Amino acid sequence: QLQASGGGLVQPGGSLRLSCAASGSIPSINAMGWYRQAPGKQRELVAALTSGGSSYYATSVTGRFTISRDNAKNTVYLQMNNLKPEDTAVYYCKITARIYDYWGQGTLVTVSS
């Protein structure tokens, strides 16, 4: 139900914008977020945006990543600037609506020269 896109190979210092679009309407959204999982590591929360407009960023991405949403398109974005090799991971989007979590399929971001 969620389709993530926008990943790819980028050099250090470069930028990417990830998108996560819901194929249908998801009512009563509480929060939208992006997670990532690097090889051999646990999945971690990168950024989140609540329905009230509050945002959260992991310390490692603060000042470099920006989460935003387009309500009309049921889409959440993650703008990633000044990417570093340690940002390499599979990025997943998640939408929480009431008691349900909807996950996207993941998109690979590789930061390498």
Side-chain angles (χ1 to χ4, degrees):
Q1 196 167 5
L2 298 183
Q3 183 69 37
S5 61
L9 173 63
V10 63
Q11 293 186 342
S15 298
L16 284 175
R17 189 177 81 153
L18 306 183
S19 300
C20 178
S23 59
S25 176
I26 299 178
S28 304
I29 292 176
N30 303 118
M32 309 172 88
W34 287 93
Y35 292 71
R36 68 185 180 187
Q37 188 166 18
K41 295 187 177 181
Q42 291 188 335
R43 190 174 297 188
E44 63 172 348
L45 176 63
V46 174
L49 187 61
T50 70
S51 58
S54 298
S55 59
Y56 162 85
Y57 295 94
T59 301
S60 60
V61 307
T62 298
R64 300 188 296 122
F65 291 10
T66 303
I67 187 171
S68 61
R69 65 185 291 181
D70 184 329
N71 292 330
K73 296 181 179 180
N74 278 339
T75 300
V76 59
Y77 303 97
L78 185 68
Q79 177 67 43
M80 306 185 295
N81 298 327
N82 190 22
L83 283 161
K84 304 176 180 181
E86 51 263 42
D87 294 319
T88 295
V90 178
Y91 284 71
Y92 300 88
C93 57
K94 186 181 84 169
I95 292 179
T96 300
R98 295 180 179 174
I99 63 171
Y100 302 106
D101 288 336
Y102 302 86
W103 286 92
Q105 85 284 10
T107 184
L108 176 63
V109 173
T110 303
V111 185
S112 175
S113 56

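We count residues from 1, following the sequence as given. From a predicted model like this one, the values you see are computed outputs, not experimental measurements.
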(request) Locate the shortest heavy-atom distance separating V109 from G7; write the atom from each residue and the value. (result) CG2-CA, 4.1 Å

(request) Would you check if I95 and N74 make a side-chain contact, meaning some heavy-atom pair closer than 4.5 Å? (result) no

(request) Indicate if Y77 and Y57 have the same hydrophobic cluster label, given that clusters are the connected sets of ILVMFWY residues with side-chain heavy-atom separations under 4.5 angstrom. (result) no

(request) If a pair satisfies side chain to side chain donor-acceptor pair (under 3.5 Å) and one of its residues is in residues 22-34, list it, with sequence neighbours excluded. (result) S28-R98

(request) Please go through L45's hydrophobic cluster and name the other residues, only I, L, V, M, F, W, Y counting, with side-chain heavy atoms under 4.5 Å joining them. (result) Y35, Y56, V90, Y92, W103, L108

(request) If a pair satisfies disulfide bond (SG atoms under 2.5 Å apart) and one of its residues is in residues 71-113, list it, with sequence neighbours excluded. (result) C20-C93

(message) Holding to salt bridge (charged side-chain N to carboxylate O under 4.0 Å, His left out), I want the full list of residues that pass it with D101, two or more places apart in sequence or in another chain.
(response) K94

(request) Could you grab the distance from atom CE of M32 to atom CG of L78, nearest 0.5 Å is fine? (result) 12.0 Å

(message) Are there over 12 heavy-atom neighbours, none belonging to E86, within less than 6.0 Å of that residue's CD?
(response) yes

(request) Mind checking side chain to side chain contact (heavy atoms under 4.5 Å, CB included) for A31 and listing every partner two or more places apart, or none if nothing turns up? (result) none

(request) For residues 61-78, pull every pair meeting salt bridge (charged side-chain N to carboxylate O under 4.0 Å, His left out), keeping only residues two or more places apart or in separate chains. (result) R64-D87

(request) Scan for ring pair (Phe, Tyr, Trp, His ring centres under 6.0 Å) pairs involving residues 6-32, sequence neighbours excluded, and state none if there are none. (result) none

(request) Using the side chain to side chain contact (heavy atoms under 4.5 Å, CB included) rule, pick out the option among Q42, R43, E44 that qualifies with Q37. (result) R43

(message) Taking Y102 as the starting point, is it possible to reach I67 by hopping between hydrophobic residues whose side chains are less than 4.5 Å apart?
(response) yes

(message) Please check: side-chain N/O of T75 versus main-chain N/O of N71, any donor-acceptor pairing under 3.5 Å?
(response) no

(request) Locate the shortest heavy-atom distance separating L2 from Q105; write the atom from each residue and the value. (result) O-OE1, 3.6 Å

(request) For Q79, check side chain to side chain contact (heavy atoms under 4.5 Å, CB included) against everything at least two apart and list the hits. (result) S15, R17, T66, N81

(message) Tell me which pairs pass disulfide bond (SG atoms under 2.5 Å apart) where either residue lies in residues 22-66, with sequence neighbours left out.
(response) none

(request) For V10, check side chain to side chain contact (heavy atoms under 4.5 Å, CB included) against everything at least two apart and list the hits. (result) L16, L83, V111

(request) Can you see which heavy atom on P27 is nearest to which on A97, and at what distance? (result) O-CB, 3.4 Å

(message) Test: ring pair (Phe, Tyr, Trp, His ring centres under 6.0 Å). Region: residues 8-27. Which pairs qualify, not counting sequence neighbours?
(response) none

(request) Provide the closest heavy-atom pair for T107 versus G6 in the form atom of the first, atom of the second, distance. (result) OG1-N, 4.1 Å

(request) Applying side chain to side chain contact (heavy atoms under 4.5 Å, CB included), name anything that partners A89, two or more places apart in sequence or on another chain. (result) R36, A38, Y91

